[in-house]
Amino acid sequence: METVAVIDFETTGMSPELGDRATEVAVVIVSDGKISSRYQSLMNTGAYIPPFIEDLTGISNEMIRQAPPAAQVMKELADFVGAAPWVAHNASFDSRFLDAEWSRMGHRREQAFACSMLLARRLYPDSPNHKLGTLVRFLGLPDTARHHRALADAEMTAHLWLRMVSDLKNRQGLDVVTHEFLRALQKVPKAKLPAYIAKFAHAA
DNA sequence: TGCCAGGCCCTCTTTAGGGCCTT
């Protein structure tokens, strides 16, 4: 299986367009069907973390004050990931924060994002909902039991990604499940999904 | 919890509204 970089941000809020900043980032590299390496760091942007976000993530303003500068962390992240394509749960969120933080240091993202949430909505329509934690329980995946911290959520997303690739191969009969294929699959209308998958499945 | 955004997706749709996801 090709290498992908699964990323998760903790932030001060929902919108970098409104001034929210990242507070923690984690990336796990998935290759050969397993997690092969990990990067995580708190990051100091100088931004204020509201109390309810402190409660949600356990990341406090005091912790951030002692964290390395955001530019240093983003540089380390870029070096760590290299040319691997991205994966995130609700990728529109993490991709906007990654692009915003990188743009501040003049760095531009080149690799595309695949979204585990859009794929899970298609592959597991019977899940009660498609929050990361719910999917982990629904599928019986390893639960890091520390939700809303970057590394724990990135690892859970990685296990979800591996499960989706495995299910497409073993249950749907696909021989090759690439990042590019899954990016296409996440955009296929749900009603057309069986026919789309059948086109690529090996002959019954 | 802090009232904000963006994108997807469904439906009582497309000249729109609201729920789901992410912090």
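Naming convention: chains lettered A, B, ... in sequence-line order (proteins, then strands); numbering from 1 in each chain.
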Classify [X] by what it touches in the nucleic acid, base, sugar-phosphate, or nothing, heavy-atom distance under 4.0 Å.
X	value
Met14(A)	base
Leu118(A)	sugar-phosphate
Thr12(A)	nothing
Ser92(A)	base

When you compare [N] with [M], how far apart are their [atom1] atoms, in angstrom units rounded to a whole number?
N	M	atom1	value
dT13(B)	dG17(B)	C1'	9 Å
dT14(B)	dC8(B)	C1'	16 Å
dC4(B)	dC10(B)	P	25 Å
dG18(B)	dC12(B)	P	15 Å
dA5(B)	dT23(B)	C1'	12 Å

*asked:* Can you see whether Glu62(A) engages Ser60(A) through a side-chain donor-acceptor pair at a distance of less than 3.5 angstrom?
replied: no
*asked:* Enumerate the ring-ring contact (aromatic ring centres under 6.0 Å, His included) contacts for residues 19-46 of chain A, please, sequence neighbours excluded, ordered by first and then second residue.
replied: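 Checked against ring-ring contact (aromatic ring centres under 6.0 Å, His included) - neighbours excluded - the pairs reaching residues 19-46 of chain A are Tyr39(A)-Phe80(A).
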_Inter- and intrachain pairs under ring-ring contact (aromatic ring centres under 6.0 Å, His included), touching residues 120-139 of chain A, at least two apart_ =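 Found none.
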*Please collect all side-chain hydrogen bond (donor to acceptor under 3.5 Å, both in side chains) contacts where either partner lies in residues 41-58 of chain A, sequence neighbours excluded, each pair once.*
Glu54(A)-Asn61(A)
*In the hydrophobic clustering (ILVMFWY, side-chain contacts below 4.5 Å, transitive), which residues join Leu118(A), or is it alone?*
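Members alongside Leu118(A): Met117(A).
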*Please go through Leu18(A)'s hydrophobic cluster and name the other residues, only I, L, V, M, F, W, Y counting, with side-chain heavy atoms under 4.5 Å joining them.*
none
Is there a donor-acceptor contact under 3.5 Å from the side chain of [X] to the main chain of [Y]?
X	Y	answer
Arg96(A)	Ser92(A)	yes
Thr3(A)	Ser31(A)	no
His179(A)	Trp86(A)	yes

*Position toward the 5' end of DNA chain B (nearest nucleotide), Asp20(A) or Thr11(A)*: Asp20(A)
_Please compare Ser15(A) and Pro50(A) by the position of their nearest nucleotide in DNA chain B and report the one closer to 5'._
Pro50(A)
*Closest non-hydrogen atom pair, Val28(A) against Ala158(A)*: CG2-CB, 3.6 Å
In [range], which ones come under 4.0 Å of DNA chain B, going by heavy atoms?
range	answer
residues 93-100 of chain A	Phe93(A), Arg96(A)
residues 129-139 of chain A	Asn129(A), His130(A), Lys131(A), Leu132(A)
residues 182-197 of chain A	Gln186(A), Lys190(A)

_All side chain to side chain donor-acceptor pair (under 3.5 Å) counterparts of Ser95(A), not counting sequence neighbours_ =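 Result, side chain to side chain donor-acceptor pair (under 3.5 Å) vs Ser95(A): none returned.
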*Can you sort out the partners of Thr12(A) under side chain to side chain donor-acceptor pair (under 3.5 Å), two or more places apart, ordered by chain and number?*
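Residues passing side chain to side chain donor-acceptor pair (under 3.5 Å) with Thr12(A): Asp20(A).
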Report, one line per pair, each donor and acceptor closer than 3.5 Å where one atom sits in a side chain of residues 105-116 of chain A; sequence neighbours left out.
unit_1    : atom_1 : unit_2    : atom_2 : d
Arg109(A) : NE     : Asp99(A)  : OD1    : 2.8
Arg109(A) : NH1    : Gln111(A) : O      : 2.8
Arg109(A) : NH2    : Asp99(A)  : OD2    : 3.0
Gln111(A) : NE2    : Ala83(A)  : O      : 3.4
Ser116(A) : OG     : Ala88(A)  : O      : 3.4
Ser116(A) : OG     : His89(A)  : ND1    : 2.7

*chain A contact limits on DNA chain B, taken 5' to 3' with a cut-off of 4.0 angstrom to heavy atoms*: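 That gives a stretch of dT1(B) to dT23(B).
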*asked:* Less than 4.0 angstrom from a charged side-chain N to a carboxylate O is my criterion; do Arg183(A) and Glu180(A) meet it?
replied: no
